[in-house]
Amino acid sequence: MALFCFLWVPLVGFHEHLAYRLTSWSCTWPELGGSSSSPATHVAVIADPQLSDFTSYPAFARKGTWTLGLVERICDAYMHRAFRHAVLAKKPDHVLFLGDLLDGGWQTGDPDVFDKNAKRFERVFRWQAAAGGGHGDEVSAASAASSPSSSSPSASSSAPKKHHLSVHGNHDVGYSAHGEKFPSIQTRHEKRFGGSNYVVQIGGVDVIGVNAMALDGDEHGRQTKETWRFVDEIGKNEKNRPRVLVTHLPLARDSYHPNSCGPDRFGPVIQPRFRNSKKIGGVEYQDYLSPESTTRLLNATRPVLVLAGHDHDRCEFARDVIFGDEFGDGDGDVTKTKKHGEDGDEDGSDVATETPANTDKPLKVTELTLGTFSWLMGNPKPSFTLLSLVGDDEKNKTPLARDEKNAAKRQFVATKTCELPEHLSGVWRYASCGAVSTFLLLILPSIRVTALFMRSDGAAIFARKTGVAVSARVSNGKVGHMKTWLALVTTAAWRHCGPFVVLLFVVLSAIGGGTLLDL
């Protein structure tokens, strides 16, 4: 028994707690190259947590069942431990979510159910206020609702007032066809988690959030017009700071080759799928933004980095984009995206067609698609990304286009992906250790007690062989004889198999109790 305790205690301690801390210890904030007088600002980026609910596994976790409660507990416990021990241990200045906060937000019409799931999200991703927040106050995702999220780029705000940032995902508000049909879903989501169209300065860098769910919608739809109005206004503004574009949907690419996403991808590269609604207009399903929306979005924002989610798997894709000059001259013309072949060589094909006077300064724009933060979303290797930002301070009003010689030598953003513990591997270790424990502490002792029972000529002999003390004289009569045997067998079974029951109770209490304590 003591041996098995020494086996289970470190196993449970490692998988339930230490494994998450090891992720934090082994993953450091990326360093920025070039010279800068300002310290870097650190942002933890999380994609697609998608808290499981009654829409996730309708086959066995239907609404109101105990299996749904179990799935929700397992989902919440894993992400809360990962967030607390791996993400918050890095002491980020801000946390950025790339959409799909809830799995069935777009399908939840009952406001009470939505409120319940929103509170789960706020509980799972709660954290202490950082600089600019209240001293010791709990800051949740709901605090973003009071942050500037206007459709006007002039709503740019100072970052310390805003700790959680997010953009809309298809599981939050639905694709554009659903959003136009049920606008109250988006209104409800924005009241709770904040708007999706915003410009926020973080570390001297403009972080631009865009509601990608509306970009390919019906051009006459309210949400689509509102989002493109926001994007086009950004294109009209002179670019004073480097920009990071945040979108839930990945941008369209000219290559979806199996090797186009880099070595860190777990599954195959998803091929583009696009389906329009014939009844009400807008998009019913898409995996990427359309090429037209991608070009127009890059025209206006001219980012140095694009962050996306939705895919649930990792993908790093670099594109050479040529603007009117290296950082854009204010006219917002993206002219040529040089296509990369399988080996990264340019094959000279173009996505956009407009050609400005100056086409010899390609800007390499990296698009980073993040994997899901949840182990229940089809990717057994959850992850998050550390983002370091450093740009010019607020006093520097010189547009980057006029200072391109110095700006080109600097690195404004740097990213590093951190892998979370593989929960399934922990489940298999539990299963393996549980099988060994069951065999040695339950099955073998049961076989031994059964064999001794079959071979014993009398109760006294059975008691002596099993080490059970006979406290009273063996009763005479058939009924008394059966009672004596029942008492002896029960005592022998507990003596030989009881350690398994005790160990099972201790292990389940450690795992389940830790889960309840965390949440």
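Values reported hereafter were calculated over all heavy atoms of this structure, with side chains retained and with hydrogens, waters and symmetry mates removed.
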Once side chain to side chain donor-acceptor pair (under 3.5 Å) is applied, do any residues pair with Lys119, and if so which ones, sequence neighbours excluded?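 Only Asp115 meet the side chain to side chain donor-acceptor pair (under 3.5 Å) criterion with Lys119.
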Identify, with sequence neighbours excluded, every residue that meets side chain to side chain donor-acceptor pair (under 3.5 Å) alongside Thr55.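 Side chain to side chain donor-acceptor pair (under 3.5 Å) list for Thr55, sorted by chain: Asp53.
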Please give me the minimum heavy-atom distance between [X] and [Y], naming the atom from each residue.
X      : Y      : result
Thr224 : Glu180 : N-OE2, 3.7 Å
Met213 : Asn170 : CE-CB, 3.4 Å
Gly64  : Leu68  : N-CD2, 4.0 Å
Leu22  : Phe14  : CD1-CE1, 3.5 Å
Ser176 : Ala214 : CB-CA, 4.3 Å
Gly204 : Gln201 : CA-NE2, 3.5 Å

Quick one: does [X]'s side chain get under 4.5 Å of [Y]'s, heavy atoms only?
X      : Y      : value
Glu190 : His168 : yes
Val113 : Phe54  : yes
Cys315 : Arg253 : yes
Met79  : Ile46  : no
Ser260 : Val269 : yes
Val390 : Pro39  : no
Val244 : Ile208 : no
Phe125 : Val87  : no

Just by modelled atom types, is the [Y] backbone N or O under 3.5 Å from a matching donor or acceptor in the [X] side chain?
X      : Y      : answer
Lys90  : Cys27  : yes
Arg265 : Pro268 : yes
Asp313 : Gly267 : yes
Arg243 : Thr301 : yes
Thr108 : Asp110 : no

Pick one: which of Val413, Val365, Val205, Leu389 meets side-chain contact (heavy atoms from CB on, under 4.5 Å) with Leu305?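 It is Val413, the one option of Val413, Val365, Val205, Leu389 that forms the side-chain contact (heavy atoms from CB on, under 4.5 Å) with Leu305.
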Verdict with supporting geometry, Glu233 and Lys236, salt bridge (charged side-chain N to carboxylate O under 4.0 Å, His left out): CA-CA 5 Å; Glu233 282 296 321; Lys236 296 176 183 178; 3.8 Å; yes
Out of curiosity, [X] [atom1] to [Y] [atom2], how far, rounded to the nearest 0.5 Å?
X      : Y      : atom1 : atom2 : value
Leu101 : Asp172 : CG    : CG    : 4.5 Å
Gln107 : His171 : CD    : NE2   : 8.0 Å
Leu251 : Leu297 : CG    : CG    : 6.5 Å
Phe412 : Ser388 : CZ    : OG    : 14.5 Å
Asp254 : Phe317 : CG    : CZ    : 5.0 Å
Thr28  : Leu386 : OG1   : CG    : 8.0 Å

Carboxylate-amine/guanidinium contact Arg275 Glu284, below 4.0 Å: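 Result for this pair is yes, salt bridge flagged.
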Would you mind checking if Glu422 and Arg429 are paired as a salt bridge, meaning a charged N to carboxylate O distance below 4.0 Å?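 Judged by the 4.0 Å cut-off on N to carboxylate O distance, Arg429 and Glu422 do not form a salt bridge.
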Name the atoms and distances for all side-chain donor-acceptor pairs under 3.5 Å in residues 369-378, with sequence neighbours left out.
from: Thr372; atom 1: OG1; to: Asp48; atom 2: O; distance (Å): 2.7
from: Thr372; atom 1: OG1; to: Ser374; atom 2: N; distance (Å): 3.1
from: Ser374; atom 1: OG; to: Leu376; atom 2: N; distance (Å): 3.2

Pair Phe274 and Tyr175, ring centroids less than 6.0 Å apart: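 No: the rings miss the under 6.0 Å criterion.
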Give the C-alpha distance, both sets of side-chain angles, the deciding distance and a yes or no for side-chain contact (heavy atoms from CB on, under 4.5 Å) between His80 and Arg123. CA-CA 8 Å; His80 179 60; Arg123 184 174 66 249; over 6 Å; no
Could you walk me through whether Ser293 and Asp216 satisfy the side chain to side chain donor-acceptor pair (under 3.5 Å) test, starting with their C-alpha distance in whole Å, then the side-chain angles of each, then the deciding distance to 0.1 Å, before giving a yes or no? CA-CA 7 Å; Ser293 294; Asp216 285 317; 2.4 Å; yes
With a sphere of 6.0 Å drawn around [atom1] of [X], does it hold more than 12 non-hydrogen atoms of other residues, nucleotides or ligands?
X      : atom1 : result
Lys116 : NZ    : yes
Gln271 : CD    : yes
Phe505 : CZ    : no

Any idea how His42 and Trp29 line up, ring-wise: parallel (<30°), tilted (30 to 60°), or perpendicular (>60°)?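 Aromatic pair His42/Trp29 classed parallel.
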Should the ring pair His164 and Phe83 be called parallel, tilted or perpendicular, given that the plane angle runs from 0 to 90° and is split at 30 and 60?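 The rings of His164 and Phe83 sit tilted, inter-plane angle from 30° to 60°.
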Under the side-chain contact (heavy atoms from CB on, under 4.5 Å) criterion, do Val95 and Phe384 qualify, and how do the steps go? CA-CA 11 Å; Val95 179; Phe384 64 97; over 6 Å; no
We want to know whether Asn299 and Arg296 form a side-chain donor-acceptor pair, criterion being a heavy-atom distance below 3.5 angstrom.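 No pair is found: no donor N or O on one side chain lies under 3.5 Å from an acceptor on the other.
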Return yes if a side-chain donor-acceptor contact under 3.5 Å exists between Asn211 and Gln223, otherwise no.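 Result is no, nothing qualifies.
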Worked check of ring-ring contact (aromatic ring centres under 6.0 Å, His included) between Phe121 and Phe193: CA-CA 10 Å; Phe121 181 88; Phe193 299 108; 5.4 Å; yes
Worked verdict on Val246 versus Leu165 for side-chain contact (heavy atoms from CB on, under 4.5 Å): CA-CA 10 Å; Val246 180; Leu165 297 171; over 6 Å; no
Applying side-chain contact (heavy atoms from CB on, under 4.5 Å) to Val71 and Ser56, what does each step give before you reach the verdict? CA-CA 10 Å; Val71 168; Ser56 304; 5.9 Å; no
